[in-house]
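Being a predicted model, the structure only gives us computed values, none of them experimental.
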Amino acid sequence: RSSQQNPADDISSLDIVDYDIHLSDGKWKGLEALDVVERQIEARKAQIGAVDVAEIFSPPRFTAGAPHLGLNPGFAVDLQTGWDLDSEKDLKALDKLMKEQDPFLLTGSPRCDPFSVLRFLNKKRLSDPKHLEARERGVRHLRLCIEKYKERHKKGKYFLHEHPAQADSWDDEKMVELQRLVGPMCAWGMALSTHRQGHGLVYKPTKFVTKSREIAQILDRHCLNRRGGPVHRHVS
């Protein structure tokens, strides 16, 4: 040992012995059975997907809350997380992620403004090139969601889609077959503070569509003002 070496690093005085572990036949069989169970668990994980929930056109919401429920979160693909699904490169990257993570539940919430009823208030704008471009992008994003939802369905897995109830995206021919459930966002505690109206819940009718009966039952909520209370105030 050199004079510069730390005494704590000197292991020459340690008496290291190789132990020959002997187990009975019964214990060896028990370990082998445990190994079989572990391999079965890993195979089952691969079958149902290593990721429990992933999101497209959404910043981390479901994935952020998943660990609190003991679930394994996957990707959250959104402009806020650095993704642009108008890019061919990012579309290919998403396809790769879908194959690698194979989420058990895929959620989607593409931009709703291209489908807003407000756009009909000024019909001159409907033929505006910028409006047409935004509408085309909105339809493209909606169809991308539907494509990914159908992939989940074919694999026996689940999807959940959310959009405002009045958006005409629900009339899209590819979306009509998926429609199932309607509910307002105030039932989920969506709130807003405004200078004139103060703080209150937002009565924003929204619509969900899902393959999962369990998710549908959980999401089947309604405004308590219309169901006997307790009454709460709404802000616009």
Side-chain angles (χ1 to χ4, degrees), residues 45 47-81 83 85 90-91 93-95 97-116 138-191 201-223:
K45 283 183 178 180
Q47 181 182 357
I48 67 173
V51 164
D52 293 308
V53 60
E55 322 179 58
I56 54 176
F57 295 109
S58 172
R61 294 190 181 110
F62 285 88
T63 51
H68 301 291
L69 300 173
L71 300 176
N72 186 22
F75 56 81
V77 170
D78 189 71
L79 284 173
Q80 293 186 31
T81 55
W83 288 76
L85 292 181
D90 282 6
L91 283 174
L94 173 61
D95 287 339
L97 269 181
M98 289 287 294
K99 291 177 182 178
E100 290 175 349
Q101 299 192 9
D102 195 22
F104 192 65
L105 169 66
L106 178 68
T107 73
S109 183
R111 290 190 59 156
C112 58
D113 48 307
F115 305 98
S116 172
V139 171
R140 189 165 62 248
H141 292 176
L142 178 69
R143 296 286 179 88
L144 176 61
C145 285
I146 295 172
E147 174 189 334
K148 299 307 178 188
Y149 299 153
K150 287 183 176 180
E151 289 178 4
R152 297 295 89 201
H153 176 70
K154 288 180 180 178
K155 299 195 73 170
K157 300 188 178 182
Y158 297 92
F159 59 82
L160 171 66
H161 179 80
E162 182 273 333
H163 241 197
Q166 301 304 319
D168 66 353
S169 57
W170 297 106
D171 298 326
D172 184 274
E173 59 179 336
K174 299 293 184 180
M175 178 55 71
V176 169
E177 62 192 56
L178 298 175
Q179 297 182 53
R180 289 295 182 273
L181 189 65
V182 180
M185 292 305 289
C186 63
W188 293 96
M190 183 177 182
L201 294 171
V202 178
Y203 184 78
K204 174 193 173 187
T206 193
K207 184 178 287 187
F208 299 95
V209 57
T210 179
K211 180 196 171 187
S212 168
R213 183 180 300 275
E214 292 79 10
I215 291 177
Q217 290 172 344
I218 291 171
L219 291 176
D220 189 15
R221 291 191 180 185
H222 303 271
C223 177

Taking [X] for the side chain and [Y] for the main chain, is one N or O donor matched with an acceptor at less than 3.5 Å?
| X | Y | answer |
| --- | --- | --- |
| Q101 | F75 | yes |
| R111 | F57 | no |
| T81 | A76 | yes |
| T63 | P60 | no |

Tell me the closest heavy-atom pair linking [X] and [Y], and the distance in Å.
| X | Y | result |
| --- | --- | --- |
| S212 | Y158 | CB-CD2, 3.3 Å |
| H161 | Y149 | ND1-OH, 2.7 Å |
| P67 | A64 | CD-O, 3.5 Å |
| P59 | Q80 | CB-OE1, 3.8 Å |
| S169 | H163 | OG-ND1, 2.7 Å |

State the [atom1]-[atom2] distance between [X] and [Y], to the nearest 0.5 angstrom.
| X | Y | atom1 | atom2 | result |
| --- | --- | --- | --- | --- |
| W170 | D168 | CH2 | CG | 12.0 Å |
| E162 | T107 | CD | OG1 | 9.5 Å |
| L142 | C112 | CG | SG | 11.5 Å |
| I56 | K148 | CD1 | NZ | 7.5 Å |
| T210 | F159 | OG1 | CZ | 6.0 Å |
| R152 | F104 | CZ | CZ | 10.0 Å |

Test side-chain contact (heavy atoms from CB on, under 4.5 Å) applied to L144 and E147, step by step: CA-CA 5 Å; L144 176 61; E147 174 189 334; 4.1 Å; yes
Is the closest side-chain heavy-atom distance between L71 and L105 below 4.5 Å?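 L71 does not reach L105 side chain to side chain.
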Query raised in the report: Are side-chain heavy atoms of F208 and I215 found at a separation under 4.5 Å?
Result: no
side-chain contact (heavy atoms from CB on, under 4.5 Å) evaluation trace for V51 with D102:
CA-CA 6 Å; V51 164; D102 195 22; over 6 Å; no
Could I get the full list of side chain to side chain donor-acceptor pair (under 3.5 Å) partners for S58, not counting sequence neighbours?
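S58 satisfies side chain to side chain donor-acceptor pair (under 3.5 Å) with E55, R61 once adjacent residues are dropped.
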Between [X] and [Y], is there a side-chain N and carboxylate O pair less than 4.0 Å apart?
| X | Y | result |
| --- | --- | --- |
| K174 | D172 | no |
| D52 | K157 | no |
| E151 | K154 | no |

